[in-house]
Amino acid sequence: MPKGEIVLGCLAPHPPHVVYAENPDQNEPVSEGGWETLRWGYNRLARKLKTIDYDALVIFTPHWQTYIGTHFLGLPEFKSKSVDPVFPNIFRYNYDIKVDVELSEIMREKASEHGIITKMMRNQDFRVDYGTITSCHMLNPDWDKPIVTISSNRNAHYYSAEVMNEQAAALGRACAEAIEESGKKVVLISSHSLSHRHFVTESPLPEDMSREHIYNHSQYVWDMKLVDLMREGKMRELIDILPEFTEQTIAETEAGGLTWMMSAMGFPQYSAEIYGYQSVIGTGNLVAAWDPNAVTREIVL
Amino acid sequence: MEDADILFGIYCPPHPQPLLSPEASDGYAKLRQAYDTCRERIENSDADLIIVYSTTWPSIIGHQIQAHPEPEWVHVDDDFHYLGSMPYKFKMDVDFAECLRDSAKERGLHSRTIAYEGFPIDTGSVVALKLLNPDNRIPACIVSSNMYANRAETIVLGKSIRDALAKQGKKAIAVVVSSLSNRMFTEHIDPTEDRIHSPKDDEWNRKILEFFADGRLEDLSQLSREIHGQIRVQKVVAYKPAWWMAATMGQHNNYQGEVLAYEALHGSGGAVVTLTPSSGSFGDKEFDEDDVEYYHGDRDVLDKGML
């Protein structure tokens, strides 16, 4: 069996607003659009994904928060409704998800071998988190590939952002080994915003774009610093400053997703493909991808 | 502020073990027994309403209030999914929820009611309502804990609840769902070997329980920032339950307190405590922060400081 490989890594933020704005059949609320810069970037990345041969999407999500180890989805199908606990007015999504349990189990096993506390999630009533659903819907609205969801162990809460970085990097190495061993072609997804300070009020029409802007300039400057490093292919340096970025911008990188993905991909030294940046209810959101194949790698923006 | 009728208050933990696996350890069984005692007291009261403030329901857009008349779902905890599912069907006091929303707005808070089929009611609220009010004999109201809110906003939220109770002339039981120390073990453990994560957490928990037992709720409220720094994992900006409980029940120390159980829940401090208004307690602390009647939002001090 040939070795498995990571064929693409995606930074895929999950504000439910982007699904709301797309008006898919699965989502109950209806919108007049909004957040086009982000959605059009997502749409273009989704088109690129259609041209890539892969077996599964593996997603690390901040909205399945676990404090006792890292958990993996461990049943082949989940079908239910996801209602966002924070924005229920815009996200009530009926989902039907297939899971690559074989890959999930190999990842759990490898993570455990690396000393990481792990658990398979095998409760059929479990509701898949809206981060997973939003990012996966935007990248693959046809839902024609199985996924693996990995929970985010909250090391940043219990210890520090530095410990989070170390543990997420170890999990990334373990997942890379698991993918190699599985013989599968896998797309990694790190599902989160960059800066993550929200406005605490909402306009009467959530998609009123005249009200949308970054929470403050400091958040924007930090976000752009990260984008610059991504363009320059300095992912090791980016991960090194991530604890400070996370603290300064209360960033969603605290969950460990970006560190996990970069570690699994060997800290790329090539430019990221930048698809779009936009604020959503004050938070900074970037759609980006890392393509290990130099032939298909693009300068998008 | 309007005069409100709070019959008594309950402080209880959010973890699912007392509901799903009380037999797994003596400690979990004692917590379950304490919940059962509270349930009986609620049944023997003439309360019109149970108000739940749950630290495991974080909100961002202001303060959310559950207003679906009969929310129904099967809930599964993110960490403790292997303990089983929690099917629920609750009865909410929609009139009160709407009155509270309006009262909160009158005091300057951003608030809204939530009434959507399938809305994910949090583990803490599910555990509390299933154990304290299993037959839905009394309607409930659940309010969220805004993750950015600090003292002023939380105090004003409590006062809004008093306003709404007074407007509707309802007698209520106030339930806070929160751990004391909230650091859990980061590995899976044998429940029979459960203990408080560290001696420091245990000592602080016991100090807090002394205050509860003495009925010194307002003193605890004034210690909230210290408690947050000492024994709370820094997930949110502040330890808010004592602020909410004091502002909702009355900002004083005149309570009869009773600690029904104190046990470890995967390392965190789980206590079931009741506080009943009385005239027999006292405190030894004095406010060094302003009391707050209305919330005015951000003060924009950064803009004012610009040259």
Side-chain angles (χ1 to χ4, degrees), chain A residues 28-29 63-71 73-74 80-89 91-94 116-130 151-160 167 196-203 206 216-218 250 254 281-283, chain B residues 56-64 66 68 71 73-87 109-122 144 146-149 153 182-189 197 232-237 266-268 295 297-298 302-303:
Chain A
E28 290 173 1
H63 288 289
W64 179 10
Q65 300 189 3
T66 53
Y67 289 86
I68 309 162
T70 298
H71 300 216
L73 282 187
S80 186
K81 179 195 275 191
S82 172
V83 179
D84 187 318
V86 174
F87 303 103
N89 51 323
F91 191 83
R92 304 190 296 278
Y93 187 101
N94 295 288
I116 296 164
I117 306 293
T118 59
K119 190 85 176 171
M120 292 301 290
M121 205 304 298
R122 299 193 199 277
N123 186 326
Q124 192 64 70
D125 295 325
F126 185 79
R127 242 194 302 203
V128 177
D129 70 286
Y130 70 92
S151 80
S152 56
N153 181 263
R154 312 308 279 189
N155 289 297
H157 287 165
Y158 266 28
Y159 304 105
S160 66
Q167 296 218 2
H196 203 231
R197 182 58 164 96
H198 301 82
F199 292 113
V200 293
T201 59
E202 189 177 56
S203 59
N216 65 37
H217 186 62
S218 169
I250 53 173
E254 69 164 1
I281 198 152
T283 63
Chain B
T56 53
W57 181 12
S59 61
I60 289 172
I61 305 299
H63 302 271
Q64 299 193 144
Q66 180 57 246
H68 191 292
W73 204 258
V74 179
H75 178 68
V76 177
D77 186 70
D78 278 356
D79 258 311
F80 299 107
H81 43 79
Y82 54 89
L83 293 180
S85 306
M86 294 174 259
L109 296 174
H110 192 86
S111 72
R112 65 182 182 189
T113 49
I114 297 295
Y116 300 105
E117 190 254 337
F119 182 86
I121 294 182
D122 60 289
S144 70
N146 184 290
M147 61 179 290
Y148 293 114
E153 216 172 327
N182 65 342
R183 181 172 290 273
M184 294 193 292
F185 291 110
T186 53
E187 64 269 19
H188 295 95
I189 61 166
H197 190 275
R232 298 290 291 183
V233 172
Q234 310 286 299
K235 297 186 229 176
V236 292
V237 296
H266 210 92
S268 69
Y295 186 64
D298 291 343
L302 296 177
D303 291 347

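Just so it is clear: chains get the letters A, B, ... in the order the sequence lines come, proteins before strands, and each one is counted from 1. Heavy atoms only: backbone and side chains are in, while hydrogens, waters and symmetry mates are out. A quick note: this is a predicted structure, and the numbers were derived from the prediction, not measured.
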Looking at A:R127 and B:V76, would you say the former's side chain and the latter's main chain have a donor-acceptor pair under 3.5 Å? no

Could you tell me if the side chain of A:K81 sits less than 4.5 Å from the side chain of B:W73, heavy atoms only? yes

Need one label for A:F87: side chain, backbone, both or neither, based on atoms under 4.5 Å from any heavy atom in chain B. both

Side chain of A:D125, backbone of B:V74: donor and acceptor closer than 3.5 Å? no

State, yes or no, whether a side-chain contact exists between A:Y67 and B:N182 at a heavy-atom distance under 4.5 Å. no

Aromatic plane relationship, A:H71 with B:H81 - under 30° parallel, 30 to 60° tilted, over 60° perpendicular: perpendicular

Turns out that what part of B:Q64 lies under 4.5 Å from chain A's heavy atoms comes down to side chain

Residue from A:E202, A:R197, A:E254 scoring the most non-hydrogen pairs under 4.5 Å with chain B is A:R197

Closest heavy-atom pair, A:P88 versus B:Y116, reported as atoms and distance to 0.1 Å, is CB-CD1, 3.4 Å

Comparing B:H188, B:H75, B:M86, B:E187 against chain A, the one with the most heavy-atom pairs below 4.5 Å turns out to be B:H188

Proximity breakdown for B:P87 and chain A, heavy-atom pairs closer than 4.5 Å: neither

Restricting to non-hydrogen atoms, name the atom on A:H196 and the atom on B:Y148 that form the minimum distance, rounded to 0.1 Å. O-OH, 3.3 Å

Show the nearest heavy-atom pair for residues A:V86 and B:I60, with the distance to one decimal. CG1-CB, 3.7 Å

Of all of A:N89, A:T118, A:D129, which one pairs up most often with chain B through heavy atoms under 4.5 Å apart? A:N89

When the 4.5 angstrom heavy-atom criterion is applied to B:I114 and chain A, the contacting part is side chain

Testing the basics here: between A:Q65 and B:D79, what is the closest heavy-atom pair and its distance to 0.1 Å? O-OD2, 4.2 Å

Select one option (side chain, backbone, both, neither) describing which atoms of B:Y82 are under 4.5 Å from chain A's heavy atoms. side chain

So which of A:Q124, A:E28, A:K119, A:M120 has the largest heavy-atom pair count under 4.5 angstrom toward chain B? A:K119

For the interface with chain A, which of B:P120, B:S59, B:S85 has the highest count of heavy-atom pairs at distances below 4.5 Å? B:P120

Heavy-atom proximity to chain A below 4.5 Å, by part of B:H266: side chain

For B:M184, does its backbone N or O pair with a side-chain atom of A:Y158 as donor and acceptor, under 3.5 Å? yes

Of the non-hydrogen atoms in B:D78 and A:W64, which two are nearest, and what is the gap between them? O-NE1, 3.2 Å

Contacting moiety of A:I68, where chain B heavy atoms sit under 4.5 Å: both

Turns out that what part of B:D122 lies under 4.5 Å from chain A's heavy atoms comes down to neither

With a 4.5 angstrom heavy-atom cut-off, is it the side chain or the backbone of A:S80 that approaches chain B, or both, or neither? side chain

